[in-house]
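For reference, the structure discussed in these notes is given below.
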Amino acid sequence: MHTIRLFSFLILLGVAGAGCEKDSQAQVPPVTIESPLTQRIADSTDIMARVFSDTIFQISEGITETDIHYLSREGYSMHVFILEIDMNNPSLKLEAASPYDNTAYALQTVPEMAKYLQSPEARVVAGINADFFSTAGEPRGIYIKNGQIVKTTWANDRSRSFLGVRKDGKLFIGDRTDFVNMQDEFEDALGGGPMLVKDNEMLPQTDLSIEPRTGIGMNDNGKLYFAVVDGRSFYYSNGITIARLGEMLRACGATIAINVDGGGSSTFMIRHPLAEVWQVRNRPSDGTNRAVGNAWMIVSKP
Amino acid sequence: MKQLSILSLLLGFVWMSGCDKNNETGSVTSPQIRYIWPEEGTASTIVTIKGKNFSGVRTENIVQFNGTDAVVIEASAGELQVVSPEAGTSGPVTVSVGNASVTGPVFTYAAPPEEYTVKAYAGNGTAGSVDGALADIRLRSPEGVVIDAAGNLIITDRGNNRIRKITPAGIMSTVAGADAAGFADGPSGTARFRLPWRSAVDAAGNIIVADRDNHRIRKITPDGVVSTIAGTGTAGFVDGDKNTAQFNQPLDVAVDATGNIYVADNLNHRIRKIDPDGNVTTLAGDGTAAYADGTGAAAKLRNPSGITLDAEGNVLVADRLNHRIRKITPQGVVTTLAGEGISGFRDGDASLARFADPYGIAVDKNGNIIIADLNNAKIRKLSTDAKVSTIAGTNAGFTDGAGVIAQFRSPVDVCVDANGNIFVADLGNHCIRKISPIE
């Protein structure tokens with residue numbers, strides 16, 4: 001009896017093991033890294049412990065989107081959406097979008113702002129939420145739209161950076177001092193939070209909280225990066241610190257990067273390549289698209 | 001042995017449970033729809049379909065809205081994202097994968113909301129008289145706007161006694177007149193007007209001007225030479241040839257394809273017609289300020305102020321103090337298109353709608369009538385299905401933004417460009433506003 005029992009038990013174990021071999025393979029399929037950005041993040045940071053899925057596709061000429069589902073080194077499920085925009089493409093322009101395409105303070109979702117910004121001569125191809133704002137829609141940082149200087153003040157210590165489009169079309173990321181010296185030079189400018197990367201160096205951060213985040217970075221080669229990391233959803237995506245967000249943007253190629261409004265405001269929108277529709281790619285943590293104070297849009301001008 | 005058989009049973013159990021998942025993926029099952037969201041929306045709405053057994057390969061899912069193919073933009077086994085097709089109609093959403101299909105809930109098409117945004121286009125609220133780039137332009141009580149065939153915006157700058165032109169590139173120049181009232185024909189620099197009210201452009205590119213306080217109809221050729229078409233300069237009512245005809249405050253003009261000019265003759269309460277030879281007749285109205293539909297002199301108007309032509313050649317009139325929109329056929333048959341006849345503000349059915357001094361009028365390319373509703377400080381629309389709605393404006397003020405919050409101060413005239421943008425002569429704000437439809 002003893003031998004039979006042992007024998008059966010061994011068979012049982014063997015069969016159980018063999019029977020599930022295929023299964024365990026199915027659970028963790030091998031992932032081929034498709035996006036150069038994902039490869040760079042994997043190579044030069046320790047943010048990702050494992051990549052579950054990696055997708056890259058072109059939104060329009062000069063704009064590619066990378067979506068990564070990964071396991072963070074801390075062991076959490078994460079989703080990040082990154083847009084790489086070639087600002088050397090002469091048809092692509094960065095524009096500050098505002099509610100109702102107007103300078104009066106108000107709140108509107110990013111796709112709604114796109115509707116108002118779009119014209120027959122300028123198609124909105126992508127957009128991302130921008131500055132922090134009050135409940136009345138007043139941006140926390142500075143604000144220039146269409147060459148009109150609307151606001152030159154900073155509401156609190158967190159607001160201390162900005163992204164601007166100079167009148168010659170060149171992009172500029174700077175701090176409060178830069179703004180004082182240069183404010184007449186901008187066509188559009190919107191405020192941001194802490195600077196994350198400068199001169200290709202990580203800057204130390206005091207805010208260590210883990211939240212949904214939006215970041216913007218760029219480099220001297222004309223590449224602009226929009227990144228949104230989703231959060232507040234355990235099985236889907238768990239958020240990130242701004243320091244980690246900066247590491248990610250730097251790995252992608254940004255030599256200067258800022259954090260902008262995050263949490264439920266984080267919105268990553270594209271004009272979908274398959275249909276005439278603006279799609280929010282990420283999952284804003286409120287469950288719906290939040291009405292925000294302003295946004296950055298990439299417009300395509302023929 | 002009993003134990004052995006129990007172990008065997010266990011073994012079988014482990015075998016089955018261990019491979020459960022594999023079995024399922026191998027089986028053929030039809031798609032199922034749990035729900036769609038939203039269930040109502042306009043065309044080009046992203047609709048999420050939740051269910052199971054969809055294909056993870058996007059193109060293998062065929063989704064239809066009441067029989068019309070929809071573009072699938074995202075696909076996984078449990079969720080599809082599709083875009084409601086432009087040509088779709090209200091009806092059930094169906095999903096087919098391979099040979100199996102399922103019919104889900106009804107998606108209902110809603111009419112797209114009409115949204116507009118208002119911006120200051122030329123002038124900034126301060127009166128002045130400055131030509132040049134859009135940002136530098138200053139106007140003084142601009143009274144009329146019209147677009148010519150080349151897309152130039154012609155402005156009757158009443159307070160400056162000038163006719164001005166803004167090119168599509170946004171540069172303003174003076175067509176004729178100077179910052180001085182008077183009466184003089186001749187080249188643009190020496191010509192004078194006395195409160196030029198509104199204008200129209202004929203097929204040859206001449207600008208026809210209702211020169212109110214000269215009581216004359218003037219013409220400006222494309223090279224800027226000003227002449228008088230009709231009117232003696234004395235206020236009165238006389239039909240006849242160009243040298244005898246009289247008007248009493250001509251406010252607005254419209255020109256048909258053959259060169260007939262129609263005049264809103266304010267204090268004569270009549271609509272006048274000037275043929276290409278300069279002979280003036282009366283199309284409608286008998287001179288009394290009253291309200292009556294009918295033909296020619298049987299019809300009555302009360303301070304007709306705005307005039308335009310529709311695509312069929314009918315004359316449309318903003319009948320100011322009747323608070324109505326009138327239509328006059330080329331034969332002089334007058335009917336009422338909108339307005340209850342009581343000053344007020346009410347949208348809805350045209351016959352019950354209320355205006356407060358409808359003052360300027362234009363027609364868009366779809367046949368909708370756009371009205372500058374002066375005392376309501378609003379821009380209204382009379383659509384081809386006889387409904388009146390408000391495009392923009394709240395109470396009097398100077399605010400840009402969405403139509404529902406924007407403010408005008410005495411909007412007196414409107415015109416519509418080829419893209420459906422509406423330009424408003426915002427008299428009290430000394431500027432031209434631009435209203436763009438949001439699509």
Side-chain angles (χ1 to χ4, degrees), chain A residues 1-27 53 55 57 67 98-106 108 111-121 146-148 269-281 288-289, chain B residues 1-23 25-26 42-47 58-59 70-74 81-86 112-113 115-120 135 399-407 418-421 436-439:
Chain A
M1 274 309 285
H2 244 77
T3 45
I4 292 172
R5 198 190 291 171
L6 185 62
F7 181 65
S8 301
F9 189 63
L10 282 173
I11 288 179
L12 179 101
L13 279 176
V15 167
C20 294
E21 202 170 51
K22 227 173 167 179
D23 220 28
S24 40
Q25 273 177 355
Q27 279 169 357
S53 73
T55 313
F57 60 98
D67 299 352
S98 59
Y100 307 99
D101 194 32
N102 188 23
T103 50
Y105 300 146
Q108 202 175 31
E112 285 285 320
M113 281 188 219
K115 247 169 60 172
Y116 277 80
L117 184 68
Q118 169 142 303
S119 69
E121 306 83 40
N146 298 331
Q148 184 191 347
M269 180 196 79
I270 62 164
R271 176 174 273 271
H272 204 282
L274 297 170
E276 289 285 299
V277 67
W278 287 299
Q279 182 194 28
V280 172
R281 299 281 302 166
T288 58
N289 297 332
Chain B
M1 274 318 281
K2 197 179 166 194
Q3 284 184 334
L4 184 66
S5 54
I6 289 171
L7 276 170
S8 303
L9 273 174
L10 260 174
L11 179 109
F13 178 72
V14 167
W15 173 273
M16 279 169 68
S17 64
C19 298
D20 221 21
K21 231 178 168 172
N22 277 331
N23 286 340
T25 51
T42 60
S44 291
T45 297
I46 297 175
V47 178
R58 194 180 57 78
T59 49
V71 176
V72 180
I73 56 173
E74 306 290 332
Q81 281 187 39
V82 303
V83 178
S84 55
E86 286 288 340
E115 292 175 74
Y116 299 87
T117 181
V118 180
K119 280 185 185 164
T399 303
D400 280 344
V404 292
I405 62 153
Q407 293 180 312
N419 293 324
N421 298 301
S436 303
I438 302 301
E439 284 157 15

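Predicted model, so just to flag it, every value in this text is computed and none were measured. Each chain gets a letter, A, B and so on, in the order its sequence line appears, and its residues count up from 1.
- Among the candidates V71(B), T45(B), I73(B), T399(B), the residue making the largest number of heavy-atom pairs closer than 4.5 Å to chain A is I73(B).
- Between the CD1 atom in I438(B) and the CD atom in E112(A) there is a gap of 9.5 Å [rounded to 0.5 Å].
- Defined by atom type and a distance below 3.5 Å, a donor-acceptor pair is missing between the side-chain atoms of Y100(A) and E115(B).
- From I46(B), atom CD1 reaches atom CD of Q279(A) across 4.5 Å, with rounding to the nearest 0.5 Å.
- Counting only heavy atoms from C-beta outward, the side chains of Q81(B) and H272(A) never approach each other to under 4.5 Å.
- Contact of V118(B) with chain A is not made at all, since no heavy-atom distance falls under 4.5 Å.
- The part of E74(B) that comes within reach of chain A is its side chain, from C-beta onward, which places non-hydrogen atoms under 4.5 angstrom from that chain.
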